[in-house]
Amino acid sequence: MQTRIANLARRPGLLLLLPVVVYLSAFFLIPFLWLLRVSLARNRGGTGYGEGKAFYEPGTWTLDNYLQFLTDKFFLNITLFTVELGLMVAVISTVVSYALAYQIWRAPAWLKGPLVLMVILPKFTNVIVLMFGLLVVFGSRGLLNSALINLGMIAEPVPMMFNLFSVLLGETILVMPYCVLIILAALMSIDRALLDAAGGLGATRFKAFIEVTLPLTLPAISVSMVLSFMWGAAAFAAPYLLGKPDLYTLAVEVDRQVNWRLNWAMGSAIAIILTGIIAACLFFYFRQSPAEERR
Amino acid sequence: MMRLGWRLLTALNLLTLAVLFLPLAISVLVSFSPSELIALPDRLSMRWYREFFDDWQWIEALWNTLAVAALTIVISFPIGLLAALAYMRLAHRWRSALNVAILLPLFVPPVVIGLGALVFHRSIGIWGTHVSIALAHSLWAMPLVFIVLRTTLRGVDSSLEEAAAGLGASPVRVFFEITFPLIASGVAVGVLFAFIISVNEFIMALFLANSTTKTLPVVIWPKVRYLLTPIVAAASSLVIAITLVLLVVSARLLGLRRLVDAR
Amino acid sequence: MTPRIRVTGLEKSFGAVKAIDGVSFDVAPGELIALLGPSGCGKTTTLRCIGGYDTPSAGDIEIAGRRVNDLPLHRRDIGMVFQSYALFPHKTVEDNVGFALKMKGVTRPARRQQVGEALELVGMSGFGARYPAQLSGGQRQRIALARAIIHRPAVLLLDEPLANLDRKLRETMRHEIRRVQNAVSISTILVTHDQEEALVMADRVAVMDGGRIHQLASPSDVYNRPATPFVARFIGATNFFEGRVTMIENGRATVQLERGPSIIVEASDNTVTGRNVGISIRPERIGIAMVTPPDAQNVSSVRVEAVSYLGATVVYTVTVPDGPAMQVMSALVGNEPPFKEGANVVVWWSPDRSTLIV
Ligand SMILES: Nc1ncnc2c1ncn2[C@@H]1O[C@H](COP(=O)(O)OP(=O)(O)OP(=O)(O)O)[C@@H](O)[C@H]1O
Ligand SMILES: [Mg+2]
């Protein structure tokens, strides 16, 4: 025993790891396993309110929640929409972010800092604040509609909120800053001499972009797609605040099951399925991408 | 042809920047509106801030937010720091395993973390406390502390630590005399990130707060959906203000440090 | 006198790489030993094992008669100057130099006194309030030295201390370091790959290659009596021949070279007839002239193939007909080298100038 402690002290790396291992096991791994367990329990059934009571029947084992999920068209539609939303967010935010990152990269040095700051500042603020701001700008009595009416361009307010457009807009805003940073980092690491060389060989800017820049940033594009898919598929705030029930996602459904229907077992099953979808996406990505991209 | 393409790109990007930035700016503006209407104010007024601080519910929420954020720092900073120190001492193949384990929570949807914490924290009897919320927030804050400190530690020349040890400093003293002062800027950034994450996170808090421990975002949340008045904007702006003040303070601290280094 | 440092059978492997492979040596009190060898030969690793920065795979390290293998770094009572100096950038010169005393719990006023003395010793009085970034390379070097010796450690370790300085400064600092080391009389191990540095500074030089010590001897012995072909080639320039001993007489051996003439060298104790040996002759130990002087030994008629003018000296490349080429160096008395390319001259050397390597 004594020597084992001495060994530990000589390998301080292990001792330093103790807190993180304990913390992640106790408050990440175990809660997740607990969640898995609850997803396999029976629903209590009642909707009686009362703190201190768990809203599932402890000690029961059943696959009902998963079966119900798989057989109910309602859940199937939500799942489909969640994946769709993830894909749309992935494509839109990657494309828009690439355009922005590209111009930031080409911008004069003094402008780069402020531009990057403008991109990441929203990430330092509250999700709800951003959604609120979008409502103020794009709502039916919002600034944009009033302006358009005042200019005489439209007679009636155009409904811009509570549809697919607003959900996509909201979620893209949340995800985009990360994509811009990822792509910008890749662009910055390109050796300028390569582009000069391409230019010297007679390539136009556009050609140089297609032949050199784009291929070199492909790994960053794929990282951006994967990340924004994962976050898009986990969307909660935008569909909830800027959408309507047929634009709800699995994450929203978790909240509705747990906090409204008081069906923790079902909520847990959905949470597990959502995690599964995202894990599958990650798994697929790591299988596809060569080792050096993963670093 | 080239120039047209460039101009179109510029126009698109300006639009993107506007959409990214406007919601934020506008919520701040709206918070100074004198009227009940959500609209750009014609004159500035502190009415909604006064109402905010007159309402016990909001003050309690502000207190809860700050308490949870402080606890998040207390939990995530030491764990992240020790993990980063351990990372530097590990062999390469263990490093990537540690990386994956620590960063994993960042990719788990907050509803999943929130619900998992709900069922688990209830069973161990801490549900509804500030600590419970902070423990969940730390799952996102700790990885960021870890990344920031890991990066900073890489920049520390290990021969400095060896030199100190050779001159008779025990490992603990090496840390406090040499390592810590050299990574102070990273420490400030890490703490700041932990704070910002906690102050702004609301999905986990939604699952973990009881009626007396609701944080600001949790209180704002239903009001944005059902009761849109400028007080929501005022509350949001306060969150932004807290964040900004901290950003500026830490930038100052970092700036000072850089001055010392440059001398 | 018992040695200050004793290293026995030291080995260190990094995975499959054996960085040091059985190194043993002693350092006497106040002595300065240089570890000299080509890049990657294990000098730094040896030093780091002694200092406790690395853990040896095998072997013992004793400091002042005590085995220190299992003693952690901070209890070993050593001072080390790193190649990069490793001055703490966030501490003033005074706090850097006083660091070891602070770790021993010496109060600030008491420290100040000793720091002042140490700074004076290295000629840096008055720099106490500066930060390392405000010093030149040579000044940092002095501060690093002061910091390493202030607590009068049992051992001073120097890892390429002069490698980052320019040539002029390097020559001054050689003497400075030696002066300070003499003043405090600390047993010192110096790592360097610069042979001039080793020969000038060290009491004894350990020539290393491939993780082993080839020879540990005084600078003049290492130069004049290389123990192995590697040492002969590594230290200075040399002419190296291989041949077979045909006769031993009066302490002199006759060696028939593989190609060319036979030559007479001083025999060592273990020279035996019929043995294959190597012979090393320094270019500057060879005489060159138009005609053979009286009493000259090992005379060969040669042809000058090339002339390299080096300012103070000149190096001729000459060939023996049907024999090997060799380098001959001679001091220049006149402005121009006396022999031109293609000249036929004679070279000679006395048997005690060459070294027989078995
Ligand atoms: N931490 C390490 N991990 C793996 N191999 C190492 C390590 N340190 C040294 N080595 C190897 O051990 C051998 C000896 O290295 P060492 O640093 O002692 O050489 P050196 O004589 O100091 O060379 P130089 O003059 O270039 O500083 C080298 O082959 C080196 O690659
Ligand atoms: Mg070395």
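As the structure is a computational prediction, the values presented were derived from the model and not from experiment. Throughout, protein chains are lettered first and strands after them, A, B, ... in sequence-line order, and every chain is numbered starting at 1.
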Task: Residue pair C:His74 / B:Ala169: nearest heavy atoms and the distance that separates them - done: CB-O, 3.1 Å
Task: Test side-chain contact (heavy atoms from CB on, under 4.5 Å) applied to B:Leu167 and C:Met103, C:Lys102, C:His151, C:Met80, the passing residue - done: C:His151
Task: Structural part of C:Lys104 lying under 4.5 Å from a heavy atom of chain B - done: neither
Open item on the list: Please report the interatomic distance CZ(C:Phe88) to CD(B:Glu161), rounded to the nearest 0.5 Å.
Closed with: 9.5 Å
Open item on the list: Quick test of your reading: applying salt bridge (Lys or Arg N to Asp or Glu O under 4.0 Å), list the pairs with at least one residue in residues 116-135 of chain C, sequence neighbours left out, ordered by first then second residue.
Closed with: none
TODO: Could you grab the distance from atom OG of B:Ser159 to atom OH of C:Tyr85, nearest 0.5 Å is fine?
DONE: 12.0 Å
Task: chain C-proximal positions within residues 136-157 of chain B [heavy-atom distance under 4.5 Å] - done: B:Asp157
- [ ] Select one option (side chain, backbone, both, neither) describing which atoms of B:Glu177 are under 4.5 Å from chain C's heavy atoms.
- [x] both
Task: Neighbour count above 12 (heavy atom, 6.0 Å) for B:Phe202 CZ - done: yes
Open item on the list: Run the side-chain contact (heavy atoms from CB on, under 4.5 Å) test on B:Ile178 and C:His90 for me, step by step, so that the C-alpha distance in whole Å, both residues' side-chain angles and the decisive distance to 0.1 Å come before the verdict.
Closed with: CA-CA 8 Å; B:Ile178 310 297; C:His90 59 295; 4.2 Å; yes
Open item on the list: Could you report the tightest heavy-atom contact between C:Arg147 and B:Ala163, atom names first, then the distance?
Closed with: NH2-CB, 3.5 Å
TODO: For C:Arg112, look at atom CZ and say whether over 12 heavy atoms of other residues, nucleotides or ligands are found less than 6.0 Å away.
DONE: no
Task: Taking every non-hydrogen atom, the tightest pair across C:Leu73 and B:Gly166 - done: CG-N, 3.8 Å
TODO: Work out which heavy atom in B:Leu160 is nearest to a heavy atom in C:Leu87; give both atom names and the distance.
DONE: CD2-O, 3.2 Å
Open item on the list: Please check if the number of heavy atoms outside C:Arg6 that lie under 6.0 Å from its CZ is greater than 12.
Closed with: no
Task: Which atoms of C:Phe82 approach chain B - backbone, side chain, both or neither, heavy atom under 4.5 Å - done: side chain
